[in-house]
Amino acid sequence: MLNLFYASGTSAMAPHILLEDSGLNFSVEKVNLDTKTWQQGDYNQINEKSYVPTLQTQANTYLTECAVILAYIDRQADHRYSFAQNSSNYWQLRIWMNYIASELHKNFISPFRKGNWLPNTADSKRLVWQRVAPRLQFVESHFAGPWLMGNKFTVADPYLFVMTNWMQRLDYPLERFHNLVQFDTRMRQVPSVKAVLQIEGAPHSLTEKSDH
Ligand SMILES: N[C@@H](CCC(=O)N[C@@H](CS)C(=O)NCC(=O)O)C(=O)O
């Protein structure tokens, strides 16, 4: 059975949503990112990169990197969330996944924060926004609707939702991103998203860590 290591409100929410949506059999393990522990002890023994998500696929087999975990779940779900291999949409989706991972996800992470998490001071929030806003603008202008790539709900949608959720959480100005705001609202109506938001509950705290 698949076992997802997550912390609430982090990028691990993307595979959590996809697993829930897919109907695949899975369980979850909550990780405390401040102490880097889970219910059986040291989380770094599970993922030495010391971050979430991690997907356990067999007794001693663990996948890391959000985009790869999403691709793995898609494969287990008979490619329901992607396009026929080598079609132009297939490559376009891969471009989006790489873009979300490297241009959005990592740029949301504050360089001033101990650990590897969202900005939590006025200065770091401002500097992160300087990097993130133009990249979000690119998504805004190329957003097909109703989902990122049009009528098909793909692996990119729960990943993008992590970012729109962070925009709300960090109270960034959303007015100019009409498509993204509508997308965020639409996502919150999807049963798997509702379920995951409820299961995960309050997001992992943004308070400063001292263990790094
Ligand atoms: N390259 C990784 C980045 C994962 C990542 O940054 N995870 C954050 C949460 S979104 C985390 O667990 N940070 C560890 C910490 O804050 O201590 C991926 O794509 O999965």
Side-chain angles (χ1 to χ4, degrees), residues 1-74 76 97 100-102 104-121 123-125 127-128 132 155 158-171 187 192-212:
M1 184 168 73
L2 301 172
N3 192 17
L4 178 72
F5 291 81
Y6 80 101
S8 303
T10 65
S11 49
M13 207 160 59
H16 197 173
I17 291 169
L18 208 64
L19 283 166
E20 189 73 34
D21 204 85
S22 68
L24 291 167
N25 202 7
F26 75 100
S27 54
V28 290
E29 295 290 350
K30 192 165 186 164
V31 176
N32 181 330
L33 287 179
D34 292 331
T35 54
K36 296 291 162 67
T37 54
W38 64 298
Q39 57 142 345
Q40 288 189 30
D42 183 4
Y43 177 64
N44 292 333
Q45 299 278 327
I46 301 289
N47 180 355
E48 66 177 288
K49 293 171 179 168
S50 208
Y51 50 56
V52 290
T54 302
L55 184 69
Q56 182 174 17
T57 58
Q58 290 172 45
N60 282 315
T61 311
Y62 298 93
L63 293 181
T64 60
E65 303 306 313
C66 196
V68 173
I69 291 172
L70 289 167
Y72 180 89
I73 297 167
D74 174 55
Q76 301 309 111
M97 292 304 277
I100 296 171
S102 61
L104 285 177
H105 185 177
K106 288 317 283 185
N107 273 314
F108 258 106
I109 307 294
S110 169
F112 305 101
R113 184 95 197 284
K114 290 179 183 159
N116 180 23
W117 185 231
L118 301 178
N120 64 346
T121 64
D123 260 7
S124 62
K125 262 180 75 171
L127 287 164
V128 164
V132 162
V155 287
Y159 205 2
L160 182 60
F161 176 66
V162 167
M163 311 301 142
T164 59
N165 188 42
W166 287 350
M167 282 162 76
Q168 314 256 18
R169 189 171 169 206
L170 293 166
D171 218 12
M187 281 296 283
S192 55
V193 176
K194 280 187 182 165
V196 166
L197 287 171
Q198 200 177 15
I199 294 163
E200 294 202 357
H204 176 68
S205 134
L206 298 183
T207 51
E208 189 84 24
K209 299 182 186 70
S210 55
D211 61 340
H212 214 73

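To the nearest 0.5 Å, the span separating OH on Y72 from OG1 on T57 amounts to 4.5 Å. One distance of note links NE2 of H105 with CD of E65; it measures 9.0 Å at 0.5 Å rounding. The line from CG of N32 to CH2 of W38 is 13.5 Å long, rounded to the nearest 0.5 Å. Between the OG atom in S11 and the CD1 atom in I109 there is a gap of 7.0 Å [rounded to 0.5 Å]. In this structure, NZ in K194 is found 10.0 Å from CD in Q198, a value given to the nearest 0.5 Å.
Considering only residues two or more places apart in sequence or on other chains, N3 meets the side chain to side chain donor-acceptor pair (under 3.5 Å) condition with S27, Q56. For N47, the side chain to side chain contact (heavy atoms under 4.5 Å, CB included) partners two or more places apart in sequence, or in a different chain, are Y43, K49, Y51, T54, T64. Residues meeting the ring pair (Phe, Tyr, Trp, His ring centres under 6.0 Å) test with F108, sequence neighbours left out: W166. Contacts of A71 classified as side chain to side chain contact (heavy atoms under 4.5 Å, CB included), with partners at least two apart in sequence or in another chain: none. Applying the side chain to side chain donor-acceptor pair (under 3.5 Å) test to D42 and every residue at least two apart in sequence or in another chain returns nothing. Evaluation of the side chain to side chain donor-acceptor pair (under 3.5 Å) rule for N107 yields R131 as partners, not counting sequence neighbours. Listed by chain and residue number, Y6, K30, E200 satisfy the side chain to side chain contact (heavy atoms under 4.5 Å, CB included) test with S8 (two or more places apart in sequence, or in another chain). Here Q76 pairs with nothing under the side chain to side chain donor-acceptor pair (under 3.5 Å) rule; sequence neighbours left out. With sequence neighbours excluded, the residues satisfying side chain to side chain contact (heavy atoms under 4.5 Å, CB included) with D171 are K125.
Side chains of S50 and N44: a donor-acceptor N/O pair is present below 3.5 angstrom, by distance only.
The salt bridge (Lys or Arg N to Asp or Glu O under 4.0 Å) pairs that include a residue from residues 51-60 number zero, where partners must be two or more places apart or lie in different chains.
Of the candidates M187, E20, M13, H16, M187 is the only one forming a side-chain contact (heavy atoms from CB on, under 4.5 Å) with V193. Between S192 and the options D21, L197, L18, a side-chain contact (heavy atoms from CB on, under 4.5 Å) holds for only D21.
A pairwise comparison of heavy atoms in L4 and P53 identifies CD1-CB, 4.1 Å as the closest pair. In plain terms, the two heavy atoms of S124 and T121 that are nearest each other are OG-OG1, 2.8 Å. Nearest heavy-atom pair across C66 and P15 is SG-CD, 3.9 Å.
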Chi angles and distances behind the side chain to side chain contact (heavy atoms under 4.5 Å, CB included) call for L33, T10: CA-CA 10 Å; L33 287 179; T10 65; 4.1 Å; yes
Exercise for review: Please report the C-alpha distance between V162 and I17 in whole Å, then the side-chain angles of each, then the deciding distance to 0.1 Å, and finally whether the side chain to side chain contact (heavy atoms under 4.5 Å, CB included) criterion is met.
Suggested key: CA-CA 10 Å; V162 167; I17 291 169; over 6 Å; no
* Run the numbers on V128 and L170 for side chain to side chain contact (heavy atoms under 4.5 Å, CB included), then give the verdict. => CA-CA 11 Å; V128 164; L170 293 166; 5.7 Å; no
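Side-chain contact between I46 and E29: absent, with no pair of heavy atoms (C-beta onward) separated by less than 4.5 Å.
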